[in-house]
Novice: 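Mind having a look at this structure? Questions to follow.
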2 protein chains.
Amino acid sequence: MKPAATALQTAEDSTDTGAQQIRDAIRDAIVERRLSPGTKLSESDVGNLFNVSRTLARAALQALSYEGLVSVEKNRGAFVAYPSPDEARQIFAARRLVEPGILREAAARITPSQIQHLKQLLIAEGRLMGERGQMARRAEIKASGDFHLTLAAISGNAIMQRFMDELVARSSLVIALYGQSTISSCGHSEHGDIVAAIERNDLDEACRLMLHHIAHIEADLDLRERKSVGLKEAFEG
Amino acid sequence: MKPAATALQTAEDSTDTGAQQIRDAIRDAIVERRLSPGTKLSESDVGNLFNVSRTLARAALQALSYEGLVSVEKNRGAFVAYPSPDEARQIFAARRLVEPGILREAAARITPSQIQHLKQLLIAEGRLMGERGQMARRAEIKASGDFHLTLAAISGNAIMQRFMDELVARSSLVIALYGQSTISSCGHSEHGDIVAAIERNDLDEACRLMLHHIAHIEADLDLRERKSVGLKEAFEG
DNA sequence: GTGCAAAATATCGTATACAATTTAGCCGTC
DNA sequence: GACGGCTAAATTGTATACGATATTTTGCAC
């Protein structure tokens, strides 16, 4: 009897179950705003959409509930999370709390090729910034998150990386709900400034910029509501 | 059609499902060391133990997997997490990263009655410290975690609180695995020092003490393995 | 006795079925 | 017309059933 294997990579070795795929698909749909906050995600509907049984649909929804992207209410069903303004503030407070530390860790370990990778992300982000249309906006939100996620990956701490995964996804939800889209472009240059500060090894300045960046995103939120688009339309057609 | 209710308290309103109870029971068993790392938790066995079907047992195990307390391997089964030394280092690195920030937030919001509550925790912890026996040791580990958890609760950020929940639980697992029990008592006085620093509003010192405290715990780890005790014995008799 | 192959066993992955709860519609009464 | 209760439909909670995969055991040859 082997003692539970390596246990270093918890469960990310491969897509161990079909529920993972459904979870990822729904998560992408949420993060990319194809599913609006508050949309009901009935187990039957989800199962039918992906041609699986309710068992897998339920597992996927429960997993998303752990990540804070859907909220399941007892005997009532699952809904795309509808973060309250207070919840939004907590999300960004958490990011202000952890991202400077992650940045310092990442800067201490970063390699030239990783810096190059970050710069490529910046370029892709800038390209998206120039484009118009809802699709470009979605991609821009995702790209903006990828920058922070890559930093977390570079830090080498899998636990913080997973936490940032959650925070970024929920941030996307908050931005989709409350953000005024016109201003998200300024975040790009701030990303560039951070990379520059890392490159010249000015960590204090990099952290300062990071905090400013997060505060800046948070400052650009209003409380307008957006109407849901429905489940089927988000995946079909 | 209501828009998904408040969504502030995500799912903690009440025990919405029997799986939650099983999850909590198993988590307590893990944190209190009644279940040793590496112990196999077959879905059938868990279900039989709690007199529920495999469905609920599976849901509970999956939830614990998300918290990092058990690792599920495809087509092989679930095991109590067996954190590697590297994983242990990451857990404590994460705590060093977030706990000073949580401490600052908590100190900014703390009320006299909450300070009193913290002191009561310290007293209870001290009482446990004096006692002998495995049971007292378990309670001491739990109490030590409660101090950090209470701080997170005071900080008022539910997201960070949940993250600390996970970190503390996994820390208990690491301590149970690698810790040399004789030294955990010194952590108590350090807790007291931190509270004292908070009370006189010396936040820099409090953070310094917190970092020292975490580093101290981490320094007292060796790599000895401990044998599992088996599933049934942990719950029965 | 050792090593390999194949059946047997155990366990997980998924689907389906039934029970319990909530929600919506309907009707009657005030 | 509004409100309260009752029935019916829909949805979730849980259990069971069946198929797939991994592990162990058995058997045989060497």
Side-chain angles (χ1 to χ4, degrees), chain A residues 1-7 10-26 35 38-66 70-81 228 230-232, chain B residues 1-7 10-26 35 38-66 70-81 228 230-232:
Chain A
M1 186 188 293
K2 279 188 298 182
T6 55
T10 309
E12 272 73 72
D13 41 15
S14 70
T15 94
D16 60 17
T17 167
Q20 308 282 77
Q21 295 182 13
I22 299 174
R23 169 174 66 78
D24 292 345
I26 297 180
L35 280 172
T39 304
K40 181 171 172 71
L41 300 172
S42 104
E43 297 175 353
S44 310
D45 291 352
V46 173
N48 289 339
L49 265 176
F50 292 95
N51 286 76
V52 296
S53 79
R54 256 187 56 214
T55 305
L56 292 190
R58 184 184 179 84
L61 290 172
Q62 205 126 357
L64 289 166
S65 143
Y66 300 146
V70 317
S71 75
V72 299
E73 305 178 23
K74 171 173 173 173
N75 278 319
R76 278 192 27 90
F79 304 85
V80 178
S228 172
L231 176 55
K232 296 157 206 64
Chain B
M1 185 188 294
K2 280 188 299 182
T6 56
T10 309
E12 269 76 71
D13 42 15
S14 69
T15 93
D16 61 19
T17 167
Q20 307 283 78
Q21 296 181 11
I22 299 174
R23 169 173 67 77
D24 292 345
I26 298 180
L35 281 172
T39 304
K40 181 172 173 66
L41 301 173
S42 103
E43 296 175 355
S44 311
D45 290 352
V46 172
N48 289 341
L49 264 176
F50 291 94
N51 286 74
V52 296
S53 78
R54 255 187 55 211
T55 304
L56 293 190
R58 183 185 181 84
L61 291 172
Q62 207 130 356
L64 289 166
S65 147
Y66 189 79
V70 317
S71 75
V72 299
E73 304 178 23
K74 173 173 174 171
N75 277 321
R76 276 191 29 88
F79 304 84
V80 178
S228 173
L231 176 55
K232 295 158 207 63

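Side chains included, hydrogens not; waters and symmetry mates left out as well; all remaining heavy atoms used. Protein chains get the first letters and strands the later ones, always in sequence-line order, with residue 1 at the start of each.
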Novice: My understanding is that only residues two or more places apart in sequence, or in another chain, count here; which of them pass side-chain contact (heavy atoms from CB on, under 4.5 Å) with E43(B)?
Specialist: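 E43(B) satisfies side-chain contact (heavy atoms from CB on, under 4.5 Å) with R54(B), R58(B), L61(B) once adjacent residues are dropped.
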Novice: Looking only at heavy atoms, what is the nearest atom pair of G47(B) and A57(B), with distance?
Specialist: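 Heavy atoms only, the tightest pair is N-CB, 3.6 Å.
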Novice: Return the minimal non-hydrogen interatomic distance between Y66(A) and A63(B), and the atom names on each side.
Specialist: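 Minimum heavy-atom separation between Y66(A) and A63(B): OH-CB, 3.1 Å.
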Novice: Within this structure, what is the CD-to-P distance between E43(B) and dC12(C), rounded to whole angstrom?
Specialist: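 Taking atom P of dC12(C) as the reference, CD of E43(B) is at 4 Å.
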Novice: To the nearest Å, how far apart are K74(A) NZ and dT23(C) P?
Specialist: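 One finds 12 Å between P of dT23(C) and NZ of K74(A), rounded.
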Novice: Could you check how far CG of N48(B) sits from P of dT11(C), rounded to whole Å?
Specialist: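 So the two atoms are 10 Å apart, to the nearest Å.
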Novice: Taking all atoms of both residues into account, what is the closest heavy-atom pair of G38(A) and F79(A), and its distance?
Specialist: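 Between these two residues, the closest heavy atoms are O-CD2, 3.6 Å.
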Novice: In whole angstroms, how far is the P atom of dT14(D) from the CD atom of Q62(A)?
Specialist: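 The answer, rounded to whole Å, is 10 Å.
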Novice: Please give the angle, rounded to 10 degrees, between the axes at the start and the end of the helix from dG1(C)-dC30(D) to dC30(C)-dG1(D), where five pairs define each axis.
Specialist: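 What I find for the helix from dG1(C)-dC30(D) to dC30(C)-dG1(D) is an axis angle of 10°.
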Novice: Phosphate oxygens OP1/OP2 of dT12(D): is one of them under 4.0 Å from a side-chain N or O of R76(A)?
Specialist: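 For dT12(D), OP1/OP2 do not have a side-chain N/O of R76(A) under 4.0 Å.
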Novice: Expressed in angstrom and rounded to an integer, what is the separation of N75(A) atom CG from dT12(D) atom P?
Specialist: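 To the nearest whole Å, that distance equals 9 Å.
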Novice: Quick one: is dT12(D) close enough that its OP1 or OP2 comes under 4.0 Å of any side-chain N or O from K40(A)?
Specialist: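 It does, given that an N or O in the side chain of K40(A) lies less than 4.0 Å from OP1 or OP2 of dT12(D).
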Novice: What distance do Q20(A) atom CD and L56(A) atom CG have between them, rounded to the nearest 0.5 Å?
Specialist: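 So the CD of Q20(A) and the CG of L56(A) are separated by 10.5 Å.
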Novice: In whole Å, what is the span from the CD atom of E73(A) to the C1' atom of dT23(C)?
Specialist: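 Distance, rounded to whole Å: 14 Å.
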Novice: To the nearest 0.5 Å, what is the distance between CG on N48(A) and OG on S53(A)?
Specialist: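 The OG atom of S53(A) is 10.5 Å from CG of N48(A), to the nearest 0.5 Å.
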Novice: Quick one: R58(A) CZ to dT16(C) P, roughly how many Å, whole number?
Specialist: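 Nearest whole value for this atom pair: 17 Å.
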Novice: Polar atoms only, N or O, under 3.5 Å: list the protein pairs with nucleotides 15-19 of chain D and their distances.
Specialist:
from, atom 1, to, atom 2, distance (Å)
dA15(D), OP2, S53(B), N, 2.9
dA15(D), OP2, S53(B), OG, 2.9
dA15(D), N7, T55(B), OG1, 3.0
dT16(D), O4, T55(B), OG1, 3.4

Novice: Apply the test side-chain contact (heavy atoms from CB on, under 4.5 Å) to residues L35(A) and L41(A): give CA-CA distance (whole Å), side-chain angles for both, the deciding distance (0.1 Å), then the verdict.
Specialist: CA-CA 10 Å; L35(A) 280 172; L41(A) 300 172; 4.2 Å; yes
Novice: About how many Å separate CD of E73(A) and NZ of K40(A), when rounded to the nearest 0.5 Å?
Specialist: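 Answer rounded to 0.5 Å: 8.5 Å.
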Novice: First locate atom CD1 of I26(A), then atom OG1 of T39(A), and finally report the distance between them rounded to the nearest 0.5 Å.
Specialist: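 If we round to the nearest 0.5 Å, I26(A):CD1 and T39(A):OG1 are 11.5 Å apart.
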